[in-house]
Structures are given as C-alpha cells and as structure tokens.
K.L.:
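Just passing along the structure, written as structure tokens.
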Amino acid sequence: MLVYPSGVDVFSSALRFLSAKLRQHRRELGTRWRRLSPGRQALLTLAHLRNGHPYAQLAAGFGIGTTTAYRYVAEAVELLAALAPTLAEAARTASTKAFVLLDGTLLPIDRIAADRPFYSGKHKKHGMNVQVLADPSGRLLWASPALPGAIHDVRAAREHGIIAALTDAGITCWADKGYRGAGGTVRVPYWGRWENLSTGQKAVNRSQAKIRALVEQAVATLKSWRLLRKLRCATTRITSLVRAVLTLHLASSGR
C-alpha cells in the first residue's frame, strides 16, 4: 500500500484535548508502552472520525496493524463518548438561552433493503435517527443516542425524554412539523395546506421557518465529521461515535 501525507481539518485544541485525556487514561491503567504515543493515537482517531478513512488505510499511514488501529480508535471513542454532556446538562445550558432549536437528522448506514427498521420513509434510505439541539445562533448543544431510521422525529424526541426535559426547565423550543403533537414547550408551525392558512398563520410560519433554518448549521457541524456521512460499522457503535464527535466539537469550540 502506498502511503502519503494527509491533513485533518480540525482545531489543534481538539488534538490537545484528546491527547491529554488519553495520557490520563493510560496513567490510570498503568500502561507503560504502546506502539503509538497518546498524541499519535489522538491523531489517528481524529483522522478516522473527520476524514472517514478505513482502518487499513490508517494502519498503513501510522505504521501499525489494522487490528491495533481499530483497538486504538475504539478506546479513544469510548473515552470521548463518556465525556459527552447528558440531556440534563444540555438542558441546564439551554436554560441560559432565549430558546433552543430541535431537529432530527438521518445518518446513512450501509444496510440492505431487508433491514426495514432502519429504513426512513422520509429520506428514502437506511440510516439512524439522531435528534439535535441547537442554540439561537445554530450552535450545536447536544446530540441524542441513535435510533433506527424508521422512527419518526416526534417519537424519538419522546423516547429520549427531550420534550419532558425542556418542558420541565421551561425552555421554549422551535421545531418543524415533524414534531406535531409533541406538546410541552415545543412550538411547531400551523398545520394545513398553505392556501387554507390565514394571513396571520402564514406570517407565523414564515417567521418560524427563518428561526428553524439555523438548526441546519448544527446538523452540518455534526456531519462535517465525514465518518457520519456513511456509516459502515455495527449500529450498536453509532451512538458512541456521535457522542465522541459531540465531545470533540464542544471541546474545540471552548464550550
């Protein structure tokens, strides 16, 4: 295999953060020597998450075996996932904002047509449903565990306890029509055909659409980590990957 230099477009603060956590983790385990230093292991993990490079390609570039590359990445991902904020912590952060934005996104996965629980009728593809909370500026605050793509957004929000958490905290939340019937403090557009809505209802829907559009920035932030654009791993690992990416994003953005 040919090996060539490549770049990873992430902030250096993310590398320093992960390196420090891995160094601390190794001290706690009493690890004396490994093929890669904590800094190189952190870089390996960032390259996998950000660029989506397969383990064989990463192993060749870092001069280690494929199994070792997988083990190093899995260790770092689990470490990062454990540091991700909980919904309760995200709600406390959101309580300092004027409102929050809620939306669901589909993370495509490599599945066959027979895997119906993972097929999203809305997106016409197989994937995992992840709920995203963003602040009024569209900055990513929290991402939920991944559920099969066939689950609708409002059901996913209920199963994760998002609606209850926001309502208990008294946080106004703007969401699209996919959350119709959510209740609580979740605000959705008026339902019905456009020509049947009143002038006032149309004005409200236009205003809400402008506000909700900002949540796309948070979704784009999540998917800027290219591994999440087409997942080829076991579905049981996807939640850890999402939480790891969330941790890295918050660490590198200083939040």
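The model shown is predicted, which means the values in this text are computed figures rather than measured ones.
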K.L.:
Would you say Leu133 and Leu166 make side-chain contact, with heavy atoms under 4.5 Å?
P.N.:
yes
K.L.:
Mind listing the closest non-hydrogen atom pair of Ser252 and Ala14 along with its distance?
P.N.:
CB-CB, 4.0 Å
K.L.:
Quick one: pull up NE2 in His48 and OH in Tyr70 and give me the separation to the nearest 0.5 Å.
P.N.:
9.0 Å
K.L.:
Does Thr93 form a side chain to side chain contact (heavy atoms under 4.5 Å, CB included) with Trp142? I'd like the steps, not just the answer.
P.N.:
CA-CA 10 Å; Thr93 300; Trp142 182 77; over 6 Å; no
K.L.:
Rounded to the nearest 0.5 Å, how far does CD of Gln201 lie from CH2 of Trp191?
P.N.:
13.5 Å
K.L.:
Can you list the steps and then say if Thr235 with Ile109 is a side chain to side chain contact (heavy atoms under 4.5 Å, CB included)?
P.N.:
CA-CA 8 Å; Thr235 55; Ile109 60 175; 4.1 Å; yes
K.L.:
Are Leu248 and Leu46 close enough that some pair of their side-chain heavy atoms sits under 4.5 Å apart?
P.N.:
yes
K.L.:
Within this structure, what is the CD1-CG distance for the pair Ile64 and Leu58, rounded to the nearest 0.5 Å?
P.N.:
8.0 Å
K.L.:
Is any side-chain heavy atom of Leu43 closer than 4.5 Å to a side-chain heavy atom of Thr45?
P.N.:
no
K.L.:
Examine Phe17 and Val8 and state if one hydrophobic cluster contains both, with Ile, Leu, Val, Met, Phe, Trp and Tyr joined whenever side-chain heavy atoms are less than 4.5 Å apart.
P.N.:
yes
K.L.:
Is Val10 close to Leu15 at the side-chain level, that is, under 4.5 Å between some pair of heavy atoms?
P.N.:
no
K.L.:
Return the OG to CD distance between Ser19 and Gln24, rounded to the nearest 0.5 Å.
P.N.:
13.0 Å
K.L.:
List, one per line, each side-chain donor-acceptor pair under 3.5 Å for residues 75-87, sequence neighbours excluded.
P.N.:
{"residue": "Glu75", "atom": "OE1", "partner": "Arg34", "partner atom": "NH1", "Å": "2.6"}
{"residue": "Glu75", "atom": "OE1", "partner": "Gln41", "partner atom": "NE2", "Å": "2.8"}
{"residue": "Glu75", "atom": "OE2", "partner": "His25", "partner atom": "NE2", "Å": "3.4"}
{"residue": "Glu75", "atom": "OE2", "partner": "Arg34", "partner atom": "NH1", "Å": "3.3"}
{"residue": "Glu75", "atom": "OE2", "partner": "Arg34", "partner atom": "NH2", "Å": "3.0"}
{"residue": "Glu78", "atom": "OE2", "partner": "Ser240", "partner atom": "OG", "Å": "3.2"}
{"residue": "Thr86", "atom": "OG1", "partner": "Glu89", "partner atom": "N", "Å": "3.2"}

K.L.:
Under 3.5 Å, is there a donor-acceptor pair between the Thr239 and Arg243 side chains?
P.N.:
no
K.L.:
Taking Tyr179 as the starting point, is it possible to reach Ile211 by hopping between hydrophobic residues whose side chains are less than 4.5 Å apart?
P.N.:
no
K.L.:
Closer than 3.5 angstrom, by distance alone: can the side chain of Tyr55 be matched with the main-chain N or O of Arg71 as a donor-acceptor pair?
P.N.:
no
K.L.:
Rounded to the nearest 0.5 Å, how far does CG of Leu140 lie from CG of Asp135?
P.N.:
9.0 Å
K.L.:
If the test is side-chain contact (heavy atoms from CB on, under 4.5 Å), which one of Leu241, Leu107, Ile238 qualifies with Leu227?
P.N.:
Leu241
K.L.:
Would Thr221 and His249 count as a side chain to side chain contact (heavy atoms under 4.5 Å, CB included) if you check the C-alpha gap in whole Å, the side-chain angles of each, and the deciding distance to 0.1 Å?
P.N.:
CA-CA 8 Å; Thr221 295; His249 168 71; 3.4 Å; yes
K.L.:
Looking only at non-hydrogen atoms, find the nearest pair between Gln208 and Val188 and report the distance.
P.N.:
OE1-C, 3.2 Å
K.L.:
For residues 159-178, pull every pair meeting side-chain hydrogen bond (donor to acceptor under 3.5 Å, both in side chains), keeping only residues two or more places apart or in separate chains.
P.N.:
Ser144-His160, Arg155-Glu159
K.L.:
Are Phe99 and Ile171 side-chain neighbours, meaning at least one heavy-atom pair lies under 4.5 Å?
P.N.:
no
K.L.:
Might you work through the side chain to side chain contact (heavy atoms under 4.5 Å, CB included) test for Leu197 and Asn205, ending with a clear yes or no?
P.N.:
CA-CA 10 Å; Leu197 297 179; Asn205 281 8; 3.5 Å; yes
K.L.:
Which residues end up grouped with Ile151 if you chain together Ile, Leu, Val, Met, Phe, Trp and Tyr wherever their side-chain heavy atoms are less than 4.5 Å apart?
P.N.:
Leu147
K.L.:
Can you confirm whether Pro108 sits close enough to His126 that some side-chain heavy atom of one is under 4.5 Å from a side-chain heavy atom of the other?
P.N.:
no
K.L.:
Salt bridge check, Asp9 against Arg50: does any charged N sit closer than 4.0 Å to a carboxylate O?
P.N.:
yes
K.L.:
Would you name the heavy atoms of Asp153 and Gly104 that are closest together and state the gap between them?
P.N.:
OD1-CA, 3.7 Å
K.L.:
Using distance alone, with no hydrogens and no angle criterion, decide if Ser120 and Lys125 have a side-chain donor and acceptor under 3.5 Å apart.
P.N.:
no
K.L.:
Checking the side chain of Ser253 only, and the main-chain atoms of Leu250 only, is there a donor and an acceptor separated by less than 3.5 Å?
P.N.:
yes
K.L.:
Quick one, Leu231 and Asp110 - any side-chain contact, counting heavy atoms below 4.5 Å?
P.N.:
no
K.L.:
With a 3.5 Å distance limit and no angle check, can you tell me whether Arg180 reaches the backbone of Tyr190 through a side-chain donor-acceptor pair?
P.N.:
no
K.L.:
Are the side chain of Lys124 and the backbone of Gly121 linked by a donor-acceptor contact shorter than 3.5 Å?
P.N.:
yes
K.L.:
Can you give me the closest heavy-atom contact between Arg35 and Gly63, atom names plus distance?
P.N.:
NH2-O, 2.8 Å
K.L.:
Locate the shortest heavy-atom distance separating Leu141 from Ala94; write the atom from each residue and the value.
P.N.:
CD1-CB, 4.4 Å
K.L.:
Does Gly7 offer a backbone N or O that forms a donor-acceptor pair with the side chain of Asn51 under 3.5 Å?
P.N.:
yes
K.L.:
How many angstroms lie between OG1 in Thr105 and NZ in Lys223, if you round to the nearest 0.5 Å?
P.N.:
3.0 Å
